[in-house]
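These numbers come from a predicted model, not from an experiment. Order of appearance sets the numbers: ligands from 1, and atoms from 1 within every ligand. When a residue number appears, it is its place in the shown sequence, counting from 1.
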Amino acid sequence: MSSRSSRSDSRAFPPLPGREAPDRLLAQLRGGAGDFVSGSLLGERLGVSRTAIWKQVRTLQDEGYLIESHPKRGYRLRSVPSEAHPREIAVGLETRWLGHQVVVYDAVDSTNRAAMEDAALTHGAVVVARRQTEGRGRLGRKWVVPPGTLPFSLVLEPRIAPTRAPLLTLAAAVGLVDGIREGCGLDTEIKWPNDVLWRGRKVAGILTEVRSDPDQVVRAVVGIGLNVNTREEDFDPLFRDRAVSVAAAAGREVDPNGLLRHLLAALEPACDQVCGDSPEGVGRLVDQYRARCTTVGRWVNVTGVRGDVFCGYVHGIDAEGALLVRREDGATERVLAGDVSLSRPPGQD
Ligand code: BT5
């Protein structure tokens, strides 16, 4: 374990390449499909001594891998960590650039803060936490992380204008809906702008933060809080009836590492549409967002960032992801940031 932060965060695992040797051993043990593999065969295949194999086994055991050792038969893999783990995220990850650099914190204040400040991270890096103590929501709100909730942040360094950055939130929403469907077979929906809901309850929230030069984004951090195995009773009573976990929706425990792989595979093409900075890519992304967003065609109360509220009918989402809301007097408002809640059509109170 190593810690590079001056805060009280614990960095659970060093970044690659320190992890490579045990990764190769792990691949051999996985290939054993639950059977013992002898220490000498492992040493031969990996070109190292039996003592080196033993040391790597100890490293993996310390990280939470259950590896059984037998003096004559060798080693066998009994189970892998059930919490977020960089080796488990990497196994079978089918992305071109997203998630090839992964940092997993045992505990951190905010993965967004860590992802923004860590100069060693580059485009495509992912910061994950097992526990997050000061999760940020939008507009100064909090994101609460009871056990089973997975907070993670994508580090993006796209050559786009700062005004384009809100599109990354739309990309993340599209990727989350697709990744959750791929990983768990669940149909979720987007509530404009940054909520992913299952049957009206929030399963994930997104917070994009940006550091920019006057005309170009230097680093964008797309933070995602996803309720994976969170139990209903562990949610804050303040929003318990509006929150849900993927596991509760699917009716089974969910492997966070496997789900994260599906999410990254779906987030990558969605982010590509924005990072590519072409009008066609952005157009396709906004179409995908519209197809998954259930806020269109509803009556809503809109709360602007200054707290002003009005009621209207959502008749579309424009090319920049702004909500188009027709007021009762017929005028259309273009809402770029704020919150919406569903309301009844006028006269039906
Ligand atoms: C969001 O804000 O939904 C953005 C959440 C982003 C969190 C991630 S976690 C990784 C990364 N690191 C960070 O520090 N942040 C990001 P907003 O739309 O403002 O919604 C916040 C509201 O959601 C709160 O006021 C609660 O009502 C509700 N909420 C908080 N925690 C929740 C949870 N675990 N599940 C469902 N709802 C929650």
Problem set entry | Salt bridge flag under 4.0 Å for residues R113 and E134 | no
Exercise. Nearest to atom 34 (N) of ligand 1 by heavy atom, L139, N112, V144, L154: which?
Worked result: V144
Problem set entry | R242/D195 ion pair, N-O < 4.0 Å | no
Problem set entry | D187 bridged to R181 by N-O distance under 4.0 Å | yes
For this session: Give the atoms of ligand 1, by number and element, whose distance to some non-hydrogen atom of F152 is under 4.0 Å.
Result: 10 (C)
For this session: Provide the number and element of each atom of ligand 1 under 4.0 Å from a heavy atom of N227.
Result: 33 (C), 34 (N), 35 (N), 36 (C)
For this session: Just go through P146, A243, A129 and tell me whose heavy atom is the nearest to atom 36 (C) of ligand 1.
Result: A243
Exercise. Is any N or O atom of D339, backbone or side chain, closer than 3.5 Å to an N or O atom of ligand 1?
Worked result: no
Problem set entry | D287 with R290: basic N within carboxylate O range, under 4.0 Å | yes
Exercise. Atoms of ligand 1 less than 4.0 Å from G135 heavy atoms?
Worked result: 14 (O)
Problem set entry | Proximal candidate to atom 30 (C) of ligand 1 [heavy atom criterion; set K142, M116, R113] | K142
Exercise. Backbone or side chain, does any N or O of G205 fall under 3.5 Å from an N or O of ligand 1?
Worked result: no
Exercise. Going by distance only, is there an N or O of K202 that falls short of 3.5 Å from an N or O of ligand 1?
Worked result: yes
Problem set entry | For atom 27 (O) of ligand 1, closest protein heavy-atom neighbour | F239 CD2, 3.8 Å
